[in-house]
Amino acid sequence: MYKVMLIDDEESLHMAIEKLLTKNGYEYCGATDAESGMEMLAAEKPDLLLLDVMLPGMNGFDLCTRIRAEGRRIPIIFLSAKNDIVDKSIGFRAGGDDYVTKPFDATELILRIEAHIRRRKDTIDFARCTTRDGSVTIGDLEVRFDEYQVLVHGVPANLTTKEFEIVAFLATHPGKVFTRGQIQEYIWGEGEVDAHSNSITVFVRKIREKIEENPSEPKYLLTVQRVGYKMADTLG
């Protein structure tokens, strides 16, 4: 079940959106201002954000810019009573994905939510695996998702953020093979693959130097010839 969050200062809209979302099989969470919204984003980890433009304190455009600056790739749909092309251009430049004008048709809003979640499913799945709680253990390798840390024999491997995200993503799908292009898109986002065409090979080498006893004969982060990489599901 996907979770949709609303940041809007109208209580009546919260009630209507919650009813609409739960009726259509989504989880709901909501905040009424920017600061509480940022706290809820971190705590609830929603899969899509409905963001009002006219918020008390910080407006929706500035909040969207802040969200993107933190590296969050959650799909964001702006809600606004204004139907001004200038507002729309500002919203898209701030990092928004879509724009719905109030009052909106409930069916149209649900269709747009479904479309963005379907289009960004891989990104959402990646976000879930790098923000999930708990840990995964494979042999003497432990991936602690909520701490952004990998331990080998109980000792921190001191991975960088990107190195951890690659390990976390693969460890969430042990035994499943991903191409370099797929991993690149999950890590850097859609449209950024070409800019990092050789990076995954370099990252894998550095990760192996930190987690493998013998990097030239890895037992955790495995190469599948002519395809890509996978995390071992069991150790032979």
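It should be emphasised that the depicted structure is a prediction, and the values quoted were computed from it without experimental measurement. We're numbering straight along the sequence, starting at 1. Side-chain atoms are counted along with the backbone in the values below, which use heavy atoms only and exclude waters and symmetry mates.
- Between Y26 and Y2, the ring centre distance reaches or exceeds 6.0 Å.
- A continuous path of Ile, Leu, Val, Met, Phe, Trp and Tyr side chains, each step under 4.5 Å between heavy atoms, connects F104 with I113, placing both in one hydrophobic cluster.
- Scanning both residues, I200 and R180, for their nearest heavy atoms gives CG1-O, 3.8 Å.
- Taking the six-membered ring for Trp and thresholds of 30 and 60 degrees, Y99 and F78 have ring planes inclined between 30 and 60 degrees apart.
- Neither V224 nor F169 shares a network with the other; the hydrophobic side chains, linked directly or stepwise wherever heavy atoms of I, L, V, M, F, W or Y lie under 4.5 Å apart, form separate groups for each.
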What verdict does the side-chain contact (heavy atoms from CB on, under 4.5 Å) test give for L159 and K210, after you've listed the backbone C-alpha separation in whole Å, the side-chain angles of each residue and the deciding distance to 0.1 Å?
CA-CA 7 Å; L159 301 184; K210 297 178 180 180; 3.6 Å; yes
Review item, side-chain donor-acceptor pairs of residues 14-21, under 3.5 Å, at least two apart:
{"unit_1": "H14", "atom_1": "ND1", "unit_2": "Y28", "atom_2": "OH", "d": "2.6"}
{"unit_1": "H14", "atom_1": "NE2", "unit_2": "D8", "atom_2": "O", "d": "2.6"}
{"unit_1": "H14", "atom_1": "NE2", "unit_2": "A31", "atom_2": "O", "d": "3.2"}

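- A salt bridge does not link K3 to D47: none of the charged side-chain nitrogens sits closer than 4.0 Å to a carboxylate oxygen.
- In this structure, I90 and V53 have side chains that are not in contact, with every pair of non-hydrogen atoms separated by 4.5 Å or more.
- Between E114 and R118 there is no salt bridge, since no side-chain nitrogen of the basic residue lies less than 4.0 Å from a carboxylate oxygen of the acidic one.
- Of the inter-residue distances, the one linking F203 atom CZ with Q184 atom CD reads 10.0 Å to the nearest 0.5 angstrom.
- Distance check, rounded to the nearest 0.5 Å: OG1 of T32 to CG of L55 gives 9.0 Å.
- Put simply, the side chain of L51 does not reach to within 4.5 Å of the side chain of L79, judged on heavy atoms.
- By the 4.5 Å heavy-atom criterion applied to side chains, F178 and K230 are not counted as neighbours.
- Of all heavy-atom pairs spanning P218 and L222, the tightest one is O-CD2, 3.4 Å.
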Could you give the side-chain donor-acceptor pairs of residues 35-42 under 3.5 Å, partners two or more places apart or in another chain?
{"unit_1": "E35", "atom_1": "OE2", "unit_2": "R66", "atom_2": "NH1", "d": "2.9"}
{"unit_1": "S36", "atom_1": "OG", "unit_2": "D33", "atom_2": "O", "d": "3.3"}
{"unit_1": "S36", "atom_1": "OG", "unit_2": "D33", "atom_2": "OD1", "d": "3.1"}
{"unit_1": "S36", "atom_1": "OG", "unit_2": "D33", "atom_2": "OD2", "d": "3.3"}

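- Distance alone, capped at 3.5 Å, is enough to place a donor-acceptor pair between the R208 side chain and the L221 backbone.
- The side chain to side chain contact (heavy atoms under 4.5 Å, CB included) check on P156 picks up Q149, L151, N158, with sequence neighbours excluded.
- At most 12 heavy atoms of other shown residues, nucleotides or ligands fall within 6.0 angstrom of atom CD in E213.
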Begin from the C-alpha positions of S80 and T101 and carry the test side-chain contact (heavy atoms from CB on, under 4.5 Å) through to its verdict.
CA-CA 5 Å; S80 176; T101 303; over 6 Å; no
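- Residues F145 and V152 share a single hydrophobic cluster, defined by chaining ILVMFWY side chains whose heavy atoms lie under 4.5 Å apart.
- Checked for salt-bridge contact, K219 and E212 miss the test: no charged N lies under 4.0 Å from a carboxylate O.
- A salt bridge is absent between E163 and K206; no separation between the charged side-chain nitrogens and carboxylate oxygens falls under 4.0 Å.
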Using the salt bridge (charged side-chain N to carboxylate O under 4.0 Å, His left out) rule, take R68 and D97 through it: C-alpha gap first, then chi angles, then the decisive distance, then the call.
CA-CA 12 Å; R68 295 304 187 215; D97 298 283; 3.0 Å; yes
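- Nearest heavy-atom pair, C64 versus G95, reported as atom, atom and distance to 0.1 Å: SG-C, 3.6 Å.
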Quick one, L49 with I67, criterion side-chain contact (heavy atoms from CB on, under 4.5 Å). Give me CA distance, side-chain angles, the key distance, then yes/no.
CA-CA 11 Å; L49 175 63; I67 291 169; 3.7 Å; yes
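- Here the straight-line distance linking atom CD1 of I77 with atom CZ of R112 works out to 7.5 Å at 0.5 Å rounding.
- Note: S135 OG to R144 CZ = 7.0 Å, rounded to the nearest 0.5 Å.
- The 12-atom threshold is not exceeded at CE of M54, counting heavy atoms of other residues, nucleotides or ligands nearer than 6.0 Å.
- Using a distance-only test at 3.5 Å, with no hydrogens or angles considered, no donor-acceptor pair links the side chain of Y229 to the main chain of L170.
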Take V100 and L109 through the test side-chain contact (heavy atoms from CB on, under 4.5 Å) and record every step on the way to the result.
CA-CA 8 Å; V100 175; L109 181 61; 4.2 Å; yes
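- Linking Ile, Leu, Val, Met, Phe, Trp and Tyr residues whenever their side-chain heavy atoms come within less than 4.5 Å leaves L111 and L50 in two separate clusters.
- V143 and I138 fall within the same hydrophobic cluster, where Ile, Leu, Val, Met, Phe, Trp and Tyr residues are linked whenever their side-chain heavy atoms come under 4.5 Å apart, directly or through other members.
- For the atom pair CD of E209 and OG of S216, the computed distance is 11.0 Å after rounding to the nearest 0.5 Å.
- Taking CD1 of I74 as the reference point, atom NZ of K45 lies at 12.0 Å (rounded to 0.5 Å).
- In this structure a side-chain-to-backbone donor-acceptor pair under 3.5 Å is missing from E142 to V136.
- Taking the charged nitrogens against the carboxylate oxygens, K176 and D233 have no contact shorter than 4.0 Å, which rules out a salt bridge.
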